[in-house]
Protein chains: 2
Amino acid sequence: MPKDATFNEEDVCNAIRDRVLEQRLAPGTKLTEESLCSIFGVGRTTVRRAFLLLTRDNIIQLQKNKGAVVASPSPEEAKQVFEARMVLERAMLEKAAQNVSTDDIARLREHLEEEADAIAQTDIARWIRLTGKFHILLAELSGNALMCNFLEQLVFQTSLIIALYGRSGAAPNCKGGDHARIVDAIAAGDATTAGTILVSHLTSIEGQLVFEARNSEQDLHAIFGT
Amino acid sequence: MPKDATFNEEDVCNAIRDRVLEQRLAPGTKLTEESLCSIFGVGRTTVRRAFLLLTRDNIIQLQKNKGAVVASPSPEEAKQVFEARMVLERAMLEKAAQNVSTDDIARLREHLEEEADAIAQTDIARWIRLTGKFHILLAELSGNALMCNFLEQLVFQTSLIIALYGRSGAAPNCKGGDHARIVDAIAAGDATTAGTILVSHLTSIEGQLVFEARNSEQDLHAIFGT
DNA sequence: TTTCTATAAATTGTCAACAATTTACTGCCG
DNA sequence: CGGCAGTAAATTGTTGACAATTTATAGAAA
């Protein structure tokens, strides 16, 4: 028995992050302290700390006296996220490709099967989460925990971005055998190819976004001559 | 009159960060809530929030019931910091070199003069802070605020690393005209050269570190056969 | 009906008291 | 003198009440 373990702020953070990753928490969603308190059975202090940490990661936005809402990255921020991912993730991947063990490859292949399984069962939420986790898994192989943390933040933000600007909902991204091809390249020890595939993979995802004016007041200002 | 503005957690964070950057706050220093409360004239709540944010940035370490101490990056972490800096900072610098305006160059040159002035006045603390800020300034020119934040964290951590493992205290690092040469390369629009100088600059700093066993229990375990 | 205002409700921000834990100290025994 | 309880002090963790602010509601006037 897990000793009636009570949740701490890290647990709350991870829970919220995971929901964001699965796109079950849409950008703009209001997060009230009270609701989270009752959901997790923790005090306001804990929720408050979780909010502070999530703000730091750009996952939620905290406004004075107004509470927390799930972040809505602007198109400009979205561009920066992809730019950062390409730089970071390629470097990490190329480094990983030089140090992987056969066990690591096996672990990656196992993950690919999980992804396929999620699709087979049409468990979209799980699949979305798994595709995100794949990139984090790759990052971990680089052995650089610091860069891994950075990338993790970026992956979560990517999920928000796709939720906001993704064309046909969740399904179309991360399609094809890109992930499998990356693993193959790593297994072959071809760091450069792995990096190239990754970058085109990200470019493809970014290319599927559509930033047309949907809502918000910014658009109103743009429409009129202000 | 600035309306008797009271400090918030961001102010406290920045103050602590700046002290770390100037190496006036040594790794391992205990930070009690009470002392910071009286120093900044804020409540414990604010200090506590600041601690949480600083923990996220690896600037302090927060232990349950034991309070906060300034972080002491391990040699392994130090290696990761430099690795991350080379990846991130080179990418940002090369991007910056393509977009800089003459105003930006002027601003950089101005900064170089400040650095020289600090040396002339033997104001070491100010000089250390300026050399750190130089790298942040470069990063800002990339136009990617996200990567800029990442790098900022890394710069602060670098300051801790140098304080811990730097050979002759503070002075020898970031010497020579490396900064000036980087600015020259940028001004000439030579992104590749700028990147190369930067990497060798960082490599040089890293090379001056000495990770010999100084204290800590890890060394004891290594000494005996455990 | 719409709009504006005043009031009420709900939500967030702050603070102080109390509980839990760690750290420092004193005195005792060897 | 050095080590070891046991107690006192100090520091951190948590909770709850209250203040400040925002949001929702109801009613009156146009």
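Below, read A as the first sequence line, B as the second, and so on, with proteins coming before strands; counting in each chain starts at 1. Quick note: numbers below take in every heavy atom, side chains included, and nothing from hydrogens, waters or symmetry partners.
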Practice item. Using only side-chain N and O atoms of B/K64, determine if any of them is under 4.0 Å from OP1 or OP2 of D/dT14. Key: yes
Review point. Do any side-chain nitrogens or oxygens of A/R48 fall under 4.0 Å of OP1 or OP2 in D/dG13?
Key: no
Practice item. Using the closest heavy atom to pick a nucleotide of DNA chain D for each, name whichever of B/L31 or A/T45 lands nearer the 5' end. Key: B/L31
Point to revise | Any donor-acceptor N/O pair under 3.5 Å between D/dG13 base and B/R44 side chain | key: yes
Check your understanding: Looking across every strand, which nucleic acid part, if any, lies under 4.0 Å from A/G67 by heavy atom: base, sugar-phosphate, or nothing?
Key -> sugar-phosphate
Specify the separation, in whole Å, of atom [atom1] of [X] and atom [atom2] of [N].
X	N	atom1	atom2	value
A/K66	C/dT11	NZ	C1'	12 Å
A/Q63	C/dT11	CD	C1'	14 Å
A/F7	D/dT14	CZ	P	16 Å
B/N65	C/dT21	CG	C1'	5 Å
A/L52	C/dT12	CG	C1'	14 Å

Check your understanding: With respect to the side chain of B/R49, which nucleotide from C/dT14, D/dT22, D/dT11 is positioned closest?
Key -> C/dT14
Review point. C/dT12, D/dT12, D/dT14: which one has an atom nearest the side-chain heavy atoms of A/E33?
Key: C/dT12
Check your understanding: So B/R56 and A/D57, salt bridge (charged side-chain N to carboxylate O under 4.0 Å, His left out) or not? Walk me through it.
Key -> CA-CA 9 Å; B/R56 199 75 179 157; A/D57 292 348; 2.8 Å; yes
Review point. Who are the side-chain contact (heavy atoms from CB on, under 4.5 Å) partners of B/K30, not counting sequence neighbours?
Key: B/T32, B/V69
Check your understanding: With B/T158, which residues qualify under side chain to side chain donor-acceptor pair (under 3.5 Å), at least two apart?
Key -> B/R85
Practice item. Classify the side-chain pair A/H135/A/H179 by whether it contains a donor and acceptor separated by less than 3.5 Å. Key: yes
